[in-house]
Amino acid sequence: MHGRSDRRSGTQPGRERTGRSGRQLSTYVGGTRQYPYILTNGGNGPDSFTLSFTQSGADDFNPGLKVYRDLDGDGNFTDEVTAPISLAADASVNLMVRATVTSGPQVGDTDVFALVATSTGDTSVTDTNNYAQLTVSAAGLLGVTNTVSPGGSAVPGTTLTYTVTGTVASGNPVGAVSNVVTVDGAPRSGVLITATLSNLNFTALSSVSTTNGAATALYSTDAGSTWTATNPGSGVNAVAILVEGSGSFLLAGNTVQLVYTAQPWRAAPWAAARPRGSTGTATPPRTNCPRPPRPSP
């Protein structure tokens, strides 16, 4: 999920913006994919918005869809949205849509849906052009989660521990992606999970681990444009784990984990939020779209 853009619906009071996803992901039957959005009240006064979904009439199936929000800024989307969301003018809230493929669809079937925001003050004010696509896949998939400890708000200078975990929940095993990353100028193949640090001062990469394969810690000082296996000592603003192995080496239930510590340089709530931009890459290569974080294919 990279490069999300927001669309302003207008300039009248109560107009809203929802972050357009445009994201294309794959999952197996019974699997779940997550799509991040941002809901913004782009009007001149406070308003409340109801959230719903619309389905494309040309797709093959309809998954189970739910919306969650991160209420306390800890990066965990555990609060399901079941009532209108109230926002002050120009205020925003981070949302996460979870799509679950129920039984019935076949490999290759696709679903196209949109998250719809509607003003409760004026139901003619809606934002509907926020589509995402989900495809049923037979390939193994790596689901990525992010946690931070301690949770809640944190003052600048507090040391926080971030844990990024990729899990092969079920379905087919996961194998290496060819030339998934360039490390110290040389292309490498494997499974890559990255975490971009936002509003954080990196302190240490505590550990990288994997159930199968060989794990290598990576560092970047340009937000992931280039990577090195050697800690540069300062200026680190992205870290990653590269796992290399033969064949489909990550089986159902296997995990890949990256643990690092950092200190917020900005006051809460962003200080304790999850790192912006964690992604998982598995076989076959995926198309990733909006930020934050960098989804997990």
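As the structure is a computational prediction, the values presented were derived from the model and not from experiment.
Taking S52 as the reference, V116 meet the side chain to side chain contact (heavy atoms under 4.5 Å, CB included) condition, with sequence neighbours excluded. When the side-chain hydrogen bond (donor to acceptor under 3.5 Å, both in side chains) test is applied to T203, the partners found at least two apart in sequence or on another chain are T261. Residues satisfying the side chain to side chain contact (heavy atoms under 4.5 Å, CB included) criterion with A214, sequence neighbours excluded, are absent altogether. Every side-chain hydrogen bond (donor to acceptor under 3.5 Å, both in side chains) that S48 has, sequence neighbours left out, goes to S86. Qualifying side-chain hydrogen bond (donor to acceptor under 3.5 Å, both in side chains) partners for S220, counting only residues two or more places apart in sequence or in other chains: D222. Not counting sequence neighbours, Q55 has no partner by the side-chain hydrogen bond (donor to acceptor under 3.5 Å, both in side chains) test. When the side chain to side chain contact (heavy atoms under 4.5 Å, CB included) test is applied to T221, the partners found at least two apart in sequence or on another chain are P232. In this structure S56 satisfies the side chain to side chain contact (heavy atoms under 4.5 Å, CB included) test together with A58, D59, V112, sequence neighbours excluded.
Atom CG of residue L242 and atom CG of residue L258 lie 11.5 Å apart, to the nearest 0.5 angstrom. One finds the OG1 atom of T100 at 9.5 Å from the CD atom of Q34 (value rounded to the nearest 0.5 Å). Between the CG atom in L250 and the CG atom in L142 there is a gap of 7.0 Å [rounded to 0.5 Å].
Checking side-chain atoms of S189 against main-chain N and O of A176 turns up no donor-acceptor pair under 3.5 Å. Checked by atom type and distance alone, the side chain of T158 pairs as donor or acceptor with a backbone atom of V155 at under 3.5 Å. The backbone N or O of G213 sits nowhere less than 3.5 Å from a side-chain atom of T210 that would complete a donor-acceptor pair. At distances below 3.5 Å, at least one donor-acceptor pair connects side-chain atoms of T228 with backbone N or O atoms of T230. No donor-acceptor pair under 3.5 Å is formed between the side chain of N41 and the backbone N or O of D90.
Looking at I85 and L95, their side chains come closer than 4.5 Å, going by heavy atoms from C-beta outward. Residues V67 and Y37 have side chains not in contact (no heavy-atom distance under 4.5 Å, counting atoms from C-beta outward). Between F49 and D127 there is no side-chain heavy-atom pair separated by less than 4.5 Å. Within the 4.5 Å cutoff, side-chain heavy atoms of L197 are placed close to those of V239.
Under the 4.5 Å side-chain contact rule for hydrophobic residues, V259 and V191 do not share a cluster.
For the side chain to side chain contact (heavy atoms under 4.5 Å, CB included) with R69, the qualifying choice from L51, L39, D79 is D79, the only one to do so. Tested against P264, the residues N201, L160, N199 include a single side chain to side chain contact (heavy atoms under 4.5 Å, CB included) partner, L160.
The stretch residues 199-209 participates, sequence neighbours left out, in no salt bridge (charged side-chain N to carboxylate O under 4.0 Å, His left out) pair at all. Contacts classified as salt bridge (charged side-chain N to carboxylate O under 4.0 Å, His left out) and involving residues 99-116 (residues at least two apart or in different chains) are not found. Evaluation of the side chain to side chain donor-acceptor pair (under 3.5 Å) test over residues 231-248, restricted to residues two or more places apart or in two chains, returns R188-E244.
Ring centers of F113 and Y35: under 6.0 Å apart, within the cut-off.
The cationic atom of R98 (NZ for Lys, CZ for Arg) lies less than 6.0 Å from the six-membered ring centre of Y68 and within 45° of the ring axis.
Scanning both residues, D60 and G108, for their nearest heavy atoms gives OD2-O, 4.4 Å.
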